[in-house]
Amino acid sequence: MQPPFSRARLNREFGNLVERSRDRQLRLAVTGLSQAGKTAFLTSLVNQLRHAGVEAKLDLLPAAREGRLLGAQRLNQPDLGIPRFPYDPAMSALHADPPRWPAPTRGISELRLQLRYRPAQRGWLTPDIAHLTLDIFDYPGEWLLDLPLLQHDFDSWCAAQTQPQGEQRQALFRQWLDGIDTLDPTAEADETELADLAAAYADGLKRAKAAGFSDLQPGRFLLPGEHEGAPVLQFFPLPETLLAKFSLTDTERHALPENSVYATLAARFRYYQQHIVRPFYRDHFRRFDRQIVLVDVLGALNAGPERFEDLSRALTQLMQSFDYGKRSLLTRLFAPKIDRLAIAATKADHVTPDQHSNVVHLLEALLAEPLKELRFAGVPVKALSLASIRATKIREVNENGTRIPALLGTTLSGEEVLDFPGEVPDRLPKADFWQQQGFDFSNFRPMPTPSQALPHIRMDAAIDWLMGDKLV
Ligand SMILES: Nc1nc2c(ncn2[C@@H]2O[C@H](COP(=O)(O)OP(=O)(O)OP(=O)(O)O)[C@@H](O)[C@H]2O)c(=O)[nH]1
Ligand SMILES: [Mg+2]
């Protein structure tokens with residue numbers, strides 16, 4: 001007589017059981033510069049998962065399409081010392097009358113979600129319901145740019161920060177540049193003078209941020225948090241030209257007394273690295289399995305060539321720190337095991353659907369170098385465009401017999417507009433693009449939504465790529 005189960009089947013079922021009984025966990029890092037759309041993405045992610053199977057439209061996510069994803073609930077987060085991700089305040093803002101965008105992020109927050117789903121493959125040992133625990137965290141984008149700062153010593157950081165970066169940007173630092181011109185790096189440090197110059201440098205960074213530039217370090221100068229006014233935030237780079245005036249060799253420079261301007265600034269830079277930047281990354285960017293890099297490509301395209309190049313420089317630096325190959329900084333420091341990555345152009349609802357593939361090509365062009373390295377390192381990468389919270393509707397306008405796609409939205413000041421945003425280039429724009437400036441981007445207010453689930457574009461595709469394989 002045949003045994004009821006073959007050994008192979010028993011082994012397989014036992015394997016399944018072990019797999020299911022092991023609590024499936026996933027830690028997702030959402031990476032993006034200031035205003036890239038991290039908080040909107042996280043709010044929408046939580047919202048879509050909570051309303052999966054009911055109101056959320058998630059056709060590109062098989063677990064939801066097949067009715068197997070049953071929803072998600074918040075669990076107590078592991079670190080009780082960190083505020084909870086403000087999902088409820090974000091939803092209240094989006095459901096207010098008139099609707100508002102969630103507030104810019106001022107500190108770190110975390111959230112743990114438990115997803116309930118029915119496994120796709122059923123066996124006699126497979127439970128009816130399985131769980132996936134998802135950990136997410138949010139932080140101000142300004143602080144992310146401190147990551148590349150970890151790769152430098154004070155000298156190389158000075159060189160990187162003071163290389164020519166375009167006239168418009170330079171003009172915003174004029175007051176600091178004038179002040180620093182007469183500084184003697186070998187002289188004894190005058191605390192008040194250094195504090196004033198650091199304040200002028202921070203002021204330059206704030207102006208550059210307001211003017212749409214992205215490559216801004218140190219990040220805490222923009223958003224100091226609890227370090228406001230502390231000496232650790234009173235340093236700045238010394239331009240090569242200034243150091244050259246004193247024609248010091250590297251050895252002479254490093255032998256300057258501890259209380260000299262040069263040594264004081266270098267010590268504060270090191271302290272900043274060790275006590276502010278390193279703990280931030282150690283505590284929050286360690287041990288994540290999946291990553292999504294969000295980029296506001298359209299915003300940069302709208303802002304002109306100098307800011308577009310600035311974004312490209314900032315992202316390339318940032319992604320170098322996340323180089324998943326052998327020599328990467330993070331691999332050395334914290335050995336993360338990221339096995340899958342998405343890069344996404346956010347706010348895709350600012351262009352008509354016929355432009356979406358161009359947006360993705362442009363994003364890939366912007367991140368060409370880091371993408372090459374990621375592919376070489378064997379990390380699967382998906383590029384997509386998405387709108388975490390869609391704020392426009394598509395309309396077609398008939399112009400002399402031709403149907404032209406347009407966007408219907410409400411501006412931040414409350415005016416309903418029909419918008420023709422124009423063509424997005426599918427590669428890094430050449431000079432003539434900027435001269436003709438065929439792209440017009442205006443901010444929209446979120447749409448009032450009767451449904452609990454937020455309207456989106458391709459959030460389901462992003463969720464599927466980031467965690468669909470865990471929901472089988
Ligand atoms: N139309 C549209 N606008 C969006 C979308 N996502 C974000 N935005 C806009 O971009 C702004 C910034 O989005 P946030 O999610 O706050 O950006 P962030 O990356 O969290 O920024 P910081 O907290 O400053 O680091 C929002 O206030 C909206 O104006 C989207 O899906 N569609
Ligand atoms: Mg935010």
Side-chain angles (χ1 to χ4, degrees), residues 27 29 31 33-34 77-83 105-110 137-162 176 185 188-206 209 215-238 253-254 256-288 314 317-318 320-322 328-336:
R27 190 170 157 89
T31 310
L33 303 182
S34 173
Q77 64 199 54
D79 190 338
L80 300 181
I82 293 179
T105 311
R106 292 277 162 261
I108 296 166
S109 62
E110 283 190 350
F137 67 106
D138 197 14
Y139 54 91
E142 285 89 343
W143 296 357
L144 193 67
L145 272 174
D146 281 342
L147 173 60
L149 182 144
L150 281 177
Q151 301 173 50
H152 288 287
D153 59 20
F154 183 58
D155 290 346
S156 67
W157 182 69
C158 289
Q161 290 305 301
T162 56
W176 172 73
E188 188 178 328
D190 171 347
E191 282 301 329
T192 316
E193 187 186 24
L194 291 192
D196 289 348
L197 283 169
Y201 192 67
D203 203 50
L205 288 172
K206 284 176 195 151
K209 175 160 194 281
D215 190 9
L216 307 168
Q217 290 174 18
R220 300 276 170 155
F221 281 35
L222 292 163
L223 209 58
E226 75 272 27
H227 304 290
E228 180 94 61
V232 61
L233 298 193
Q234 288 167 358
F235 67 95
F236 43 83
L238 291 171
R253 198 187 292 175
H254 295 147
L256 285 169
E258 245 175 58
N259 62 357
S260 64
V261 166
Y262 173 85
T264 306
L265 295 176
R268 287 179 184 175
F269 172 81
R270 283 192 297 274
Y271 190 95
Y272 184 81
Q273 281 183 316
Q274 295 301 329
H275 295 273
I276 296 185
V277 187
R278 215 169 275 258
F280 173 56
Y281 291 105
R282 188 190 55 223
D283 297 345
H284 301 287
F285 283 83
R286 187 178 51 165
R287 296 190 327 266
F288 53 83
Q317 267 194 54
L318 182 66
Q320 268 165 12
S321 315
F322 283 105
S328 116
L329 175 78
L330 281 191
T331 314
R332 278 204 314 269
L333 287 178
F334 313 123

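Quick note: numbers below take in every heavy atom, side chains included, and nothing from hydrogens, waters or symmetry partners.
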Which residues pass the salt bridge (Lys or Arg N to Asp or Glu O under 4.0 Å) test with [X], not counting sequence neighbours?
{"X": "Glu226", "answer": "none"}
{"X": "Asp146", "answer": "none"}
{"X": "Asp138", "answer": "none"}

Taking atom [atom1] of [X] and atom [atom2] of [Y], what is their separation to the nearest 0.5 Å?
{"X": "Phe269", "Y": "Leu149", "atom1": "CZ", "atom2": "CG", "value": "4.0 Å"}
{"X": "Asp215", "Y": "Lys209", "atom1": "CG", "atom2": "NZ", "value": "14.0 Å"}
{"X": "Leu238", "Y": "Thr162", "atom1": "CG", "atom2": "OG1", "value": "8.5 Å"}
{"X": "Phe221", "Y": "Gln234", "atom1": "CZ", "atom2": "CD", "value": "8.5 Å"}
{"X": "Leu144", "Y": "Ser34", "atom1": "CG", "atom2": "OG", "value": "10.5 Å"}
{"X": "Arg253", "Y": "Asp155", "atom1": "CZ", "atom2": "CG", "value": "4.5 Å"}

- In terms of the angle between their ring planes, are Tyr139 and Phe280 parallel, tilted or perpendicular, with boundaries placed at 30° and 60°? perpendicular

- So Tyr262 and His254, would you call those rings parallel, tilted or perpendicular, with 30° and 60° as cut-offs? tilted

Which pair of heavy atoms, one from [X] and one from [Y], lies closest together, and at what distance?
{"X": "Glu258", "Y": "Thr264", "result": "O-OG1, 3.6 Å"}
{"X": "Thr192", "Y": "Asp190", "result": "N-OD1, 3.0 Å"}
{"X": "His227", "Y": "Leu233", "result": "O-CD1, 3.6 Å"}
{"X": "Pro185", "Y": "Ser260", "result": "O-CB, 3.9 Å"}
{"X": "Glu110", "Y": "Gln77", "result": "O-OE1, 3.3 Å"}

So, do [X] and [Y] sit near enough that their side-chain heavy atoms are less than 4.5 Å apart?
{"X": "Tyr272", "Y": "Pro218", "result": "yes"}
{"X": "Val261", "Y": "Leu194", "result": "yes"}
{"X": "Leu33", "Y": "Leu318", "result": "yes"}
{"X": "His275", "Y": "Val232", "result": "no"}

- Where the side chain of Ser156 meets the backbone of His152, is there a donor-acceptor pair that is under 3.5 Å apart? no

- Can you tell me if Gln217 uses its side chain to pair, donor with acceptor, with the backbone of Gly219 under 3.5 Å? no

- Taking the six-membered ring for Trp and the full ring for Phe, Tyr or His, determine whether the centres of Trp143 and Tyr281 are under 6.0 Å apart. no

- Task: Please step through side chain to side chain contact (heavy atoms under 4.5 Å, CB included) for the pair Leu147 and Val277, ending with a clear verdict.
- Result: CA-CA 7 Å; Leu147 173 60; Val277 187; 5.8 Å; no

- Task: Applying ring-ring contact (aromatic ring centres under 6.0 Å, His included), run through Phe236 and Trp157 and close with a yes or a no.
- Result: CA-CA 10 Å; Phe236 43 83; Trp157 182 69; 9.2 Å; no

- Would you please say whether a donor-acceptor pair under 3.5 Å links the side chains of Gln273 and Gln151? no

- Are a donor atom and an acceptor atom from the side chains of Asp196 and Tyr201 found within less than 3.5 Å of each other? no

- Is Glu142 paired with Arg220 through a side-chain N to carboxylate O contact shorter than 4.0 Å? no

- Item | Salt bridge flag under 4.0 Å for residues Glu191 and Arg268 | yes

